[in-house]
Amino acid sequence: MVESLKGGGHVGFFCLKERLISKTVSKNNNSTPGNLPKCTTGIQGLDEITSGGLPQGRPTLVCGSAGCGKTLLGIEFLVRGATLFDEPGVFIAFEETAEELAQNVRSLGFDLDGLIEKKKLAVDYIYIERSEIEETGEYDLEALFIRLGFAIDSIGAKRIVLDTLETLFAGLPNPAILRSELRRLFRWLKKKGVTAIITAERGSGSFTRHGLEEYVSDCVLLLDHRVDGQISTRRLRIVKYRGSSHGTNEFPFLIDEGGISVFPITSLQRQHEASSERISIGVPALDAMLGGEGVYRGSSVLLSGTAGVGKTSLACHAADACCRRGERCLYIAFEEPEAQLLRNMRSIGLNLEPWVKKGLLRFHAARPTMNGLEMHLASIHKLVEGLNPSLVIVDPITNFISSGTVSEASSMMMRLVDYLKARQITTLLTNLNRNEGALEHTELDISSTIDTWLLLRDMELNGERNRGLYILKSRGMSHSNQIREFLLTDNGILLTEVYLGPDGVLTGSARLAQEAKEMATAAQRNQEIERKRGELSRRQQALEAQIAVLQLQFQTDKEEMERDITTEQVYLEKLEQGRQEMAFSRKAQSNGVPGSQKKVRK
């Protein structure tokens, strides 16, 4: 068979946009002695799930349906090799011209001319048309090998991409010849020592259209672009990898302005640091309930409650506290746009606009049905990598159910929490409880991964609806078990103690009425105390008056008695004096009688 291969041209300038790579790569060869040598792709996440990259010096088959990203993966494999590892590459295109290829990938952040000028990349378009192929003998790929060899040798290529096999073998109706030539092509690539990616279209009931390529390939990557509930998701799976361990799950991947990002989140191990630092959640009374210091940095906090209980308001207080510390906050809102959130928070005395202007607070408002779950997760990853926040708020997480099943949304949220914990980013999630469900339950069943769970609830009494807050759990710290009334005031959130009486917990006007009743009762008791004190004072005064009268009477009687006593004493003194005078008088007479006149009686 004589081949008619019309060559294309080369494409020009390349400019790689700055992009965050999940891990720093210093060497291309990630192999260790005794292990299979590997070629690092440089594609975010792909090297992690392949345990170091693609098999070095061996062909890898990338298969999938139209639009799943096969060509882009091949292009980025070459681009990252040339820019990160100084490994030139060759791209052999069978479907797109060099100009078309350059234009298509330019919209995703790639411009190829610069690499070509620096001899880091060669792009060759080979035109094959079945009607222009004339069979005159045995089919032979020798001409293709010569062309490939020239392209590889011209720039010293270490990597090569062939896109796609179906076009190359379109004129081969004989399966035996097809299998033989496929093996020959793969052996030739191995002999050249280049790491190759070969793309193939997915067939019906098999990984490829011919059902042969996967058997002769050392590594097979299956790309899938599925639509479920009008929401599309791209996924990647490693079907086989000879000589190496690898991830076996389906991994979501994102195609955006930076290229391909594979998220190996289903394989994340829950190993991350646990900080002992405590940060405020924005409400001093709530911090006091959480041991007086708030929550741990890098922990996960869940605000759960029915509609209208104040979940968003509390989340915005946490965002304000974060910005006041000089840290950045990412607020992902699925229900309200940024302008509406800023306006609503001003009604409770919370002005977040200055933080937005300073770049400390960034809102990302989007409809949950805008993307699939994995695309939402990928978008959050990119936002986190770009902003590097200290706090991430997702309000609310229950809206993710509209983008997939409950189990899928639950898995996605668990992976998001693990990802943020690994980066020591505090996570605050709001959860909308349905009225018919239990309050201490989440539809996504993520409560087991949450460190602090705050429950906001409605308390209805006497035809009035009030809010209450209590801490359902908070790992690693002492916390209050009390219910607090949750008030939204002009000066922000206020937590007050609820009234607990014989009729249960009272809030709102019932609490105010009970407090007024208690104040009235207390006032009456105070009046009674004052009355009794007055009566006691009057009795004391009356008694003191009686005592005074008695004392006056006693004093009068005393004076009278003292006069009588004095009179009696004077009388007695005079009587005694008379007696003494009489005695003296008698003695004097006796002494005055003459001696002759004395009579002596014997």
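Counting only N and O atoms by type, the side chains of Thr521 and Arg525 include no donor and acceptor under 3.5 Å apart. In this structure, a donor-acceptor pair under 3.5 Å is absent between the side chains of Asp445 and Ser410. For the 3.5 Å distance criterion, the side chains of Thr40 and Asp47 fail to qualify, holding no donor opposite an acceptor. Between the side chains of Lys38 and Ser244, at least one donor N or O lies within less than 3.5 Å of an accepting N or O.
Side chain of Lys70 to main chain of Leu223: no donor-acceptor pair is present (N/O by atom type, distance under 3.5 Å, no hydrogens or angles). Arg467 contributes a side-chain N or O that, together with a main-chain N or O of Gly308, makes up a donor-acceptor pair within less than 3.5 Å. Side chain of Thr199 to backbone of Thr71: no donor-acceptor contact under 3.5 angstrom is found.
Heavy-atom contacts from other residues, nucleotides or ligands closer than 6.0 Å to CG of Asn351 number more than 12. Within 6.0 Å of atom NZ in Lys358, 12 or fewer heavy atoms from other residues, nucleotides or ligands are found, so the atom counts as exposed in its surroundings. Atom CZ of Arg367 has 12 or fewer neighbouring heavy atoms from other residues, nucleotides or ligands inside a 6.0 Å radius.
A 4.5 Å side-chain heavy-atom check between Ile471 and Trp453 finds every atom pair outside the cut-off. For the pair Phe400/Glu408, no side-chain contact is recorded, criterion being any heavy-atom separation below 4.5 Å from C-beta on. Annotation: side chain of Glu385 is in contact with side chain of Arg423 (closest heavy-atom distance under 4.5 Å). Within the 4.5 Å cutoff, no side-chain heavy atoms of Phe85 are placed close to those of Cys39. Inter-residue side-chain proximity for Leu46 and Phe253 is flagged as unmet; no heavy-atom pair is nearer than 4.5 Å. Side-chain contact check for Arg325 versus Ser280: some heavy-atom pair is nearer than 4.5 Å.
Classified by interplanar angle (parallel below 30°, tilted 30° to 60°, perpendicular above 60°), the ring pair His376/Phe334 is perpendicular.
Note on Lys311 versus Glu335: no salt bridge recorded, every NZ/NE/NH1/NH2 to OD/OE distance being 4.0 Å or above.
Taking the ring centre of Tyr296 as origin, the terminal cationic atom of Arg278 falls inside the region bounded by 6.0 Å and 45° from the ring axis.
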Full working for side chain to side chain contact (heavy atoms under 4.5 Å, CB included) between Leu350 and His317: CA-CA 8 Å; Leu350 202 60; His317 272 73; 3.7 Å; yes
Dump the intermediate steps for side chain to side chain donor-acceptor pair (under 3.5 Å) on Asp451 and Ser300, then the final yes or no. CA-CA 5 Å; Asp451 298 311; Ser300 55; 3.3 Å; yes
Start with the C-alpha gap between Glu535 and Lys532, add the side-chain angles, then the distance that decides, and say whether salt bridge (charged side-chain N to carboxylate O under 4.0 Å, His left out) holds. CA-CA 5 Å; Glu535 183 178 352; Lys532 289 184 177 181; over 6 Å; no
Please test His479 against Thr452 for side chain to side chain contact (heavy atoms under 4.5 Å, CB included), starting from the C-alpha separation and ending with a verdict. CA-CA 10 Å; His479 56 275; Thr452 299; over 6 Å; no
Candidate pair Arg533 and Glu530, rule salt bridge (charged side-chain N to carboxylate O under 4.0 Å, His left out), full reasoning: CA-CA 5 Å; Arg533 284 178 177 173; Glu530 293 299 323; 3.3 Å; yes
Run the numbers on Leu302 and Leu472 for side chain to side chain contact (heavy atoms under 4.5 Å, CB included), then give the verdict. CA-CA 10 Å; Leu302 178 65; Leu472 196 59; over 6 Å; no
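Between atom CD1 of residue Ile281 and atom CG of residue Asp320 there is a gap of 13.0 Å, rounded to the nearest 0.5 Å. Here CD1 of Ile260 is found 9.5 Å from CG of Leu254. Values are rounded to the nearest 0.5 Å. The structure places CD of Gln340 at 11.5 Å from CZ of Phe363, a figure rounded to the nearest 0.5 Å.
The side-chain contact (heavy atoms from CB on, under 4.5 Å) with Ile393 is formed by just one residue from the set Val301, Leu428, Thr427; it is Leu428.
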